[in-house]
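Predicted model only: the values in this text are computed from it and were never measured. Numbers restart at 1 for each chain; the letters A, B, ... are given by sequence-line order, proteins then strands.
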Amino acid sequence: MSDYDFKSAEDKWQTRWTESDIYRSVIDKSKPKHYAVTMLPYTSGDLHIGHWYAMAPSDVRARWMRMRGYNVLFPIGFDAFGLPAENAAIQRNIHPASWTYKNVDTMRRQIQSMGAMFDWKREAVTCAPEYYRWSQWLFLQFYKNELAYKQLSPVDWCPQCNTTLAREQVWGEDRHCERCNTPVIKKDLNQWYLRITDYAEELLDFSRIEWPDRVQAMQTNWIGRSEGVEFEMQVAGHEDSFRVFTTRPDTIFGVTFAVLAPEHGLVDTITTESQKAEVEAYREAASRQTEIERLSTEKERDGVFTGAHAVHPFTGEGVPIYVADYVLTTYGTGAIMAVPAHDDRDFDFATRYGIHIPVVIAPEGWDGKPLETAYIGQGTMVNSGEFDGLSSKAGWGAVADRLQEKGIGEKRTNYRLRDWLISRQRYWGCPIPMIECPSCGLVAVPEEDLPVLLPSDAEFLPTGESPLKLHEGFRNVACPACGEPGTRETDTMDTFICSSWYQYRYLSPDFDSGPFDTEEGDYWLPVDQYTGGIEHATMHLLYTRFFTKAMRDMGLVEDDEPMLSLFNQGIILGEDSEKMSKSRGNVVSPDELVGDYGTDAVRLYLMFISRWDQGAPWNSASMEGAPRFLNKTWGLLIDPPEATDKDGGDGQELRRLTHQTIRKVTEDIDTFSFNTAVAALMTFANGLQKAKSDACFGTEAWEEARRTMILLLAPMTPFFAEELWEQGGGDYSVHDQAWPEWDPELARPSTIEMPVQINGRVRAKFEVSPDATQEEVEQLALEQDNVKRHLEGANPKKVIVVPNRLVNIVV
RNA sequence: GCCGAAGUGGUGGAACUGGUAGACGCGCUGGACUCAAAAUCCAGUGGCCGCAAGGCCGUGAGGGUUCGAGUCCCUCCUUCGGCACCA
């Protein structure tokens with residue numbers, strides 16, 4: 001028996017596919033379109049098995065859609081700006097651009113070896129001027145629509161990467177950099193922001209898209225919507241007042257103090273002489289603390305009295321105003337009304353400083369005694385003047401309305417989401433197209449002057465300053481408005497900007513009169529199927545939704561959402577069940593595997609290893625099963641059978657298996673259950689093997705089965721299927737064939753194995769036709785020897801017949 | 001602490017809306033082929049008892065609902081992911 005020669009088949013078909021341009025996707029209005037995208041890889045320089053795990057199954061789905069008659073666009077590109085290129089440049093003394101483009105070439109070759117149906121004429125590389133020209137152009141549209149602004153504020157700074165980060169890029173309890181794991185610090189810097197918070201409410205609406213619940217939950221959580229009331233508190237004996245935000249207006253009669261964040265603007269004004277020294281010392285200490293210390297929930301809640309009092313809006317009583325760092329300046333108004341009886345934090349604080357803790361929401365069955373911990377649930381309002389007796393739920397609205405009538409407050413929705421900080425103090429990124437002029441202020445670079453080219457001769461040492469600042473030729477520029485000498489913005493953009501709109505650039509990567517050709521857009525958009533890792537749930541996946549919504553409002557796209565359907569694949573771990581990393585030495589190299597087993601075997605194994613969204617540890621012993629299956633299938637379909645005197649029969653069993661397999665594989669690919677689709681094909685091969693030795697070879701049923709096997713394999717193992725197809729006399733190309741349909745009649749089993757349970761335990765099994773009536777099935781069940789034995793003549797109380805499933809006899 | 005996902009043989013994993021737990025693969029055992037090996041093919045493979053027929057136990061733990069629970073409900077345990085003074 002001859003084995004499948006993957007090396008020559010892969011070379012042969014790769015060449016043929018390229019020559020015939022088989023994967024070129026062009027607008028064809030006679031067919032339904034399907035736009036599939038797999039998250040674009042970063043140009044790290046080496047294709048990891050993780051890239052294969054992300055891309056190959058995605059390719060299977062795209063190929064399958066193609067065979068089902070869709071006009072499929074499946075492009076690929078490279079996320080090419082970013083810090084690793086700059087670090088490589090510093091370490092190896094090569095330019096980030098040459099490092100990046102060298103990596104692009106390597107990775108392109110590696111990706112091509114995967115045999116995916118990528119349309120390479122659509123390739124987009126985000127660091128190319130023809131790409132980032134439009135990133136800049138889009139930035140200008142954001143600026144013109146007041147969605148981009150520059151502001152001085154405390155920002156997260158990664159001391160390792162030497163740049164600021166967006167809030168989304170700071171992870172974990174210790175607030176570390178998402179890229180390099182270094183804990184971030186705070187700095188006060190003048191930075192560019194995109195107003196993503198304008199879209200907070202709309203971003204919470206997932207009704208138009210089919211995205212995993214997990215991602216929806218993470219984004220919802222991240223946006224952090226909360227409804228409450230914002231109202232004014234007057235400072236006693238002062239002109240000044242301050243605003244507070246609360247989600248529990250029903251607890252307002254329980255307010256016994258108020259708290260300002262240490263950075264609150266009013267602190268200096270209202271602090272009395274006698275308290276000044278103490279307050280100053282506290283603020284000083286708070287500012288010296290790291291963010292981590294400050295935000296630690298372990299830390300005891302402390303603060304200092306300002307000496308001033310606020311006037312309670314209902315009782316008119318004076319409540320002391322404290323300064324405490326458990327109130328954040330960045331959320332709400334930076335000031336709170338404190339209700340110790342009904343808030344854990346306020347309770348701790350009041351206990352520590354001996355502040356009165358009156359109960360105003362009575363829990364059910366409350367005995368009137370003081371509380372030992374804060375009661376944060378619902379209840380009945382007490383000690384609340386005119387509101388006594390209302391449920392806390394009804395009181396919520398009643399108090400809110402009264403505050404509004406008094407003209408001091410209104411209902412308000414707050415979000416945890418912050419605006420997106422996009423300035424980065426590094427070289428290898430997209431320049432922000434803005435100019436600062438001493439007389440005109442901030443001036444946008446005119447669109448016709450785009451792109452603002454990144455100079456190739458900048459010094460990029462990690463000084464903490466943007467390298468472009470030191471480049472005089474870049475920095476000094478005439479103001480486009482008045483012609484006087486001005487300076488360019490020297491920070492570059494967060495690379496997540498580049499990847500927020502790449503699905504649009506793919507449509508026409510060479511188009512030079514807009515970010516994309518609307519003729520292409522009208523046909524292909526939006527993306528129908530997006531696949532990629534979950535790690536971008538609150539970064540890229542949030543940003544790209546924001547971009548699309550903003551672009552929609554600018555009239556650039558029509559859709560509300562960029563990607564209709566999303567699937568998150570899992571992660572392939574090392575053989576030791578740990579995350580793959582060079583330092584652990586557990587990295588699996590796809591190049592090596594492809595050399596040993598061939599592309600198709602690697603693709604097949606990755607799909608078989610586990611459910612796609614689950615991921616699994618790599619297992620090199622288990623990998624052997626894939627090439628074994630391919631060789632076996634090869635032998636089955638190519639080699640003639642050994643002589644046999646068996647009768648081939650009518651082939652009904654084989655036909656049944658064929659149609660059952662079509663159904664199973666079709667349904668499984670549809671639901672991304674590639675592992676069970678592969679299992680079904682293996683079962684099919686086992687059936688073919690049996691049929692072959694039963695002398696079915698060459699019959700009509702065999703021909704149908706052979707053809708079907710190749711077609712079902714085509715999306716998963718494109719080279720292998722193409723070679724088998726040709727060997728069997730099929731016309732080029734197997735990938736242009738229609739996906740087979742199953743006939744439900746033929747797929748129907750001839751007999752069903754029916755288990756008989758007595759009191760829920762299986763006691764016998766018998767074969768029965770699926771057409772048998774319930775009475776017949778019941779009769780047969782009762783006739784089984786072992787059933788009779790167990791019944792011992794006793795009369796069954798009840799017999800449950802589940803059609804085509806089982807019989808359960810209750811005694 | 002809050003939110004979410006998951007715990008199934010030696011192993012990776014199957015199991016439709018509650019209906020034969022362990023599909024398919026890996027590994028292992030035995031056999032065929034071979035001088036021998038590899039490859040391939042055939043048979044077996046959750047545990048325990050039994051010559052067999054068959055029986056008992058079994059999906060992280062313990063309860064419950066049901067004729068019937070891996071699947072539904074309650075209480076725990078463990079692992080992973082996200083959030084965490086957000087008023």
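- The distance between atom OH of A/Y605 and atom C1' of B/rC24, rounded to the nearest whole Å, is 13 Å.
- For an aromatic pair to be called close, the ring centres must be under 6.0 Å apart, and A/F349 with A/F257 satisfies this.
- As a whole-Å value, the separation of A/R214 CZ from B/rG4 C1' is 9 Å.
- Heavy atoms of A/R167 sit under 4.0 angstrom from primed sugar atoms or phosphate atoms, though from no base atom.
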List every contact pair, protein side and nucleotides 49-57 of chain B side both N or O, where the distance is under 3.5 Å.
unit_1, atom_1, unit_2, atom_2, d
B/rG55, OP1, A/R763, NH1, 2.9
B/rG55, OP1, A/N786, ND2, 3.4
B/rG55, OP1, A/H790, NE2, 2.7
B/rC56, OP1, A/R763, NH2, 3.4
B/rC56, OP2, A/R763, NH1, 3.1
B/rC57, OP2, A/R761, NH2, 2.1

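- One finds a side-chain N or O of A/S226 lying less than 4.0 angstrom from the OP1 or OP2 phosphate oxygen of B/rA87.
- Between A/R628 and B/rC24 there is no side-chain N or O to OP1 or OP2 distance below 4.0 Å.
- A donor atom on one side chain and an acceptor atom on the other are not found under 3.5 Å apart for A/N568 and A/D613.
- Nucleic acid contact for A/N414: none, since no nucleic acid atom lies under 4.0 Å from a heavy atom of the residue.
- Closest approach to the A/V327 side chain among B/rG13, B/rA87, B/rU20 is made by B/rA87 (side chain taken as heavy atoms from C-beta onward).
- Residue contacts for A/A217: at a heavy-atom cut-off of 4.0 Å it reaches no nucleic acid atom on any strand shown.
- In the set B/rC24, B/rA15, B/rU20, B/rA15 carries the atom at the smallest distance from any side-chain atom of A/T676.
- Checking A/I534 against A/Y331, the closest nucleotide of RNA chain B that is more toward the 5' end is the one next to A/I534.
- Note: A/H540 and A/H536 have perpendicular aromatic rings, judged against thresholds of 30 and 60 degrees for the angle between ring planes.
- Two residues are said to be in side-chain contact when any heavy atoms from C-beta on lie closer than 4.5 Å; A/V811 and A/I758 meet this criterion.
- Under 4.0 angstrom from either OP1 or OP2 of B/rA84 there lies at least one side-chain N or O belonging to A/R416.
- Of the residues near RNA chain B, A/A616 and A/T247, the one whose nearest nucleotide (by heavy atom distance) lies more toward the 5' end is A/A616.
- Nucleotide B/rA36 forms no Watson-Crick or G-U wobble pair with any nucleotide shown, as no partner meets the under 3.5 Å limit on both distances.
- Rounded to an integer number of Å, the gap from CE of A/M218 to P of B/rG82 is 7 Å.
- A/D639 has its CG atom 14 Å from the P atom of B/rU40, to the nearest Å.
- We find that CE of A/M754 is positioned 15 Å from P of B/rG19, with the value rounded to whole Å.
- B/rC67: Watson-Crick or G-U partner is B/rG19, with both key distances under 3.5 Å.
- Between A/K690 and A/D694 a salt bridge is recorded (basic side-chain N to carboxylate O distance below 4.0 Å).
- Among the nucleotides B/rG82, B/rA87, B/rG25, the one closest to the side chain of A/N221 is B/rG82.
- Atoms NE2 (A/H176) and P (B/rG82) sit 8 Å apart, rounded to a whole Å.
- B/rA87: no Watson-Crick or G-U partner with both key distances under 3.5 Å is found in any strand.
- Looking at A/Y605 and A/E624, their side chains never bring a donor and an acceptor atom within 3.5 Å of each other.
- Taking the ring centroids of A/Y597 and A/F6, they lie at or beyond the 6.0 Å cut-off.
- For A/A781, the side chain to side chain contact (heavy atoms under 4.5 Å, CB included) partners two or more places apart in sequence, or in a different chain, are A/V756, A/F766, A/V807.
- Using modelled atom types, one finds no donor on one side chain facing an acceptor on the other under 3.5 Å when comparing A/D302 with A/Y326.
- For A/S226 and A/N414, the side-chain atoms include no donor-acceptor pair closer than 3.5 Å.
- A/L573 places its CG atom 13 Å from the C1' atom of B/rG81, with the value rounded to the nearest Å.
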Tell me, for nucleotides 63-68 of chain B in 5' to 3' order, what letter each nucleotide earns: B for a base near a protein heavy atom under 4.0 Å, S for only sugar-phosphate near one, - for neither? ----BS
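- In this structure, A/Q614 does not reach the B/rG12 phosphate: none of its side-chain N or O atoms is under 4.0 Å from OP1 or OP2.
- Atom CG of A/N568 is separated from atom C1' of B/rG4 by 13 Å (rounded to the nearest Å).
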